[in-house]
Amino acid sequence: MITPAITGTGVFTPEQVITNDELVAAFNAYAERFNAENAEAIAAGEVEAKAPSSSEFIVNASGIEQRYVMDKTGVLDPEIMHPILRERSNDEPGIMAEIALEACDKALAQAGRDPSEVDLIICAASNHERPYPAVAIEIQKLLGAGGFAFDMNVACSSATFGIQAAADMIRSGSARCAIVVSPEICSGHLEWRDRDCHFIFGDVCTAVLLEPADAAKGAHFIVRSTRCATQFSNNIRNNNGYLRRTRESNMEDRRDMLFVQEGRKVFKEVLPLVSAHISAHLEVESVGSEALKRLWLHQANKAMNDFIGRKVMGRTPTPEEQPNILQDYANTSSAGSIIAFSKFSSDLTAGDLGLICSFGAGYSVGSVLVEKG
Ligand code: COA
C-alpha cells in the first residue's frame, strides 16, 4: 500500500494590505454618501439608512486586523467598493493561474521537485474565474506539468477535500506527484457595501504537494488519514452562476449574486458539526486528543476557532498548539488552514501528530490527520 505524504507547501501573499481602519473609513464614507443621496426616501421610511462600521467591532467579532487583497484602490473607493482586476485576453495567463504559479513554485522548491514531475493538479477553490477550460489545466500548461488536472469547489473546504482526492489517487497509484492549489480571490465575491460582512475576506493562494512518502526527498508529513463530510445548508450561499442570463435582466444589483451568510446561525450550527467531526476522526484513528501536537484550523472567526480548540483538546490550546493567521489574512476560504499549516509546522519532529481542519459553506467539513515523517 502506498502511503501519501505532504512534501511541500507554498503561500502566495498579495502585496496590498487593507487595515481595518482603512476599510472602515471607506465603508463609512460610502454609507454617508448613500444616506445623503437617499435622504428623502430614508425620511419617508422607504429606504433603510446605512449604519456605520467600526474597527473595534471587527476585531471583537472576528479577530481580523487586516487583509491582503489583489486590488485595494477599487475596494477603498466609496464610489466603487469592489476590486478592479484587469481583464486578461485569452492569450494571457488568467489571474488565478498567475498567483497559483507562485504558490506552486514554492511548494515544488520545498519538495525538491521539478514541475515536469507533477502528474496531477487540482485547482480547489471557492470560486473559479470561468467555467472552462479548467483553471487547473491552464496551471498545468504554464507550469509545464504532465498528467491531468481539474477544478473542484467545496467552498471553504475545497483544499482539504482536494487533499483527500489527491491522497486517495496517490494511494491507488493513479497519481505520483500531485498539487492541490487554492487561489482564493475572495475580494471578488465579497459585497464590500454590506456592513455585516465587509470585513470578512482576504486574498491569497496556497499550494500543497503530495507524493508517496517513500519518495520524499526531505522533511514531510505523512497523511495518516482524511475525513470529509457535508450537510446541506443555505446559511452561506452565493446564487451567481451561468443560468443568471436566462432569468431576469436586472441581476446586477441583486445582493444574492455575491457571498451572503447568516453569520450567527453559521457560528452556532457549524461549531458542533466540526467538533463532532474531529472527535470521530480521531476516534477512528485511535488517536487521543492529548497526542495532537497541533491543530491547523480553518480561519474564519477567532472565537469559533478558540471554541473548537477547547472542545477538541479538552482544555484551552496554547497559541503554539493552535496557530491563528486570521488577524493578518482575514478569512481566505479554503486556503486559511493551509496557510497556518505552511507557516507553523516546520518545528514539529518525527512522529508528531497534527490535524488540518476546514469548514464552511455546504456545510462542509474536511480534516487531514498528518504525522511528521
Ligand atoms: N460594525 C459595527 N457593528 C456591526 C457591524 C460592523 N461592521 N456589523 C454588525 N454590527 C452590529 C450588528 O448591527 C448587530 O447589532 P445589534 O445587536 O444592535 O443588532 C451586532 O453588531 C451583532 O451583529 P452580528 O452580525 O450578529 O455579529 P456577530 O457577533 O454574530 O459577528 C460574524 C458576525 C460574521 C463575525 C460572526 O457571526 C461569524 O464569524 N460567524 C461565522 C462566520 C463563518 O464562519 N462564516 C464562514 C464563511 S466561509
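In each ligand, atom 1 is the first atom listed, and ligand 1 is the first ligand listed.
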Q: Polar pairs, ligand 1 vs protein, N/O only, below 3.5 Å.
A:
unit_1: ligand 1; atom_1: 1 (N); unit_2: S53; atom_2: OG; d: 3.4
unit_1: ligand 1; atom_1: 1 (N); unit_2: S54; atom_2: N; d: 3.3
unit_1: ligand 1; atom_1: 3 (N); unit_2: R195; atom_2: NH1; d: 3.3
unit_1: ligand 1; atom_1: 7 (N); unit_2: S53; atom_2: OG; d: 2.9
unit_1: ligand 1; atom_1: 7 (N); unit_2: R195; atom_2: O; d: 2.9
unit_1: ligand 1; atom_1: 13 (O); unit_2: R195; atom_2: NH2; d: 2.4
unit_1: ligand 1; atom_1: 26 (O); unit_2: R264; atom_2: NE; d: 3.1
unit_1: ligand 1; atom_1: 26 (O); unit_2: R264; atom_2: NH2; d: 3.3
unit_1: ligand 1; atom_1: 29 (O); unit_2: R264; atom_2: NH2; d: 3.3
unit_1: ligand 1; atom_1: 30 (O); unit_2: R264; atom_2: NE; d: 2.7
unit_1: ligand 1; atom_1: 37 (O); unit_2: G263; atom_2: O; d: 3.3
unit_1: ligand 1; atom_1: 39 (O); unit_2: N301; atom_2: ND2; d: 2.7
unit_1: ligand 1; atom_1: 40 (N); unit_2: G263; atom_2: O; d: 3.1
unit_1: ligand 1; atom_1: 45 (N); unit_2: Q261; atom_2: OE1; d: 2.8

Q: Should R227 and E285 count as an ion pair when the cut-off is N to O under 4.0 Å?
A: no

Q: Go through R264 and D196 one step at a time and tell me if the salt bridge (Lys or Arg N to Asp or Glu O under 4.0 Å) criterion holds.
A: CA-CA 11 Å; R264 285 269 166 110; D196 288 353; over 6 Å; no

Q: Go through the steps for E129 and R88 under the test salt bridge (Lys or Arg N to Asp or Glu O under 4.0 Å), then give the verdict.
A: CA-CA 11 Å; E129 66 182 288; R88 318 282 177 101; over 6 Å; no

Q: In terms of side-chain geometry, is the basic nitrogen of D347 or R294 positioned less than 4.0 Å from the acidic oxygen of its partner?
A: yes

Q: Quickly, which of R67, E56, Q66, E65 forms a side-chain hydrogen bond (donor to acceptor under 3.5 Å, both in side chains) with N20? Name it, please.
A: R67

Q: Could you check whether E211 pairs with K217 (Lys NZ or Arg NE/NH1/NH2 to Asp/Glu carboxylate O, under 4.0 Å)?
A: no

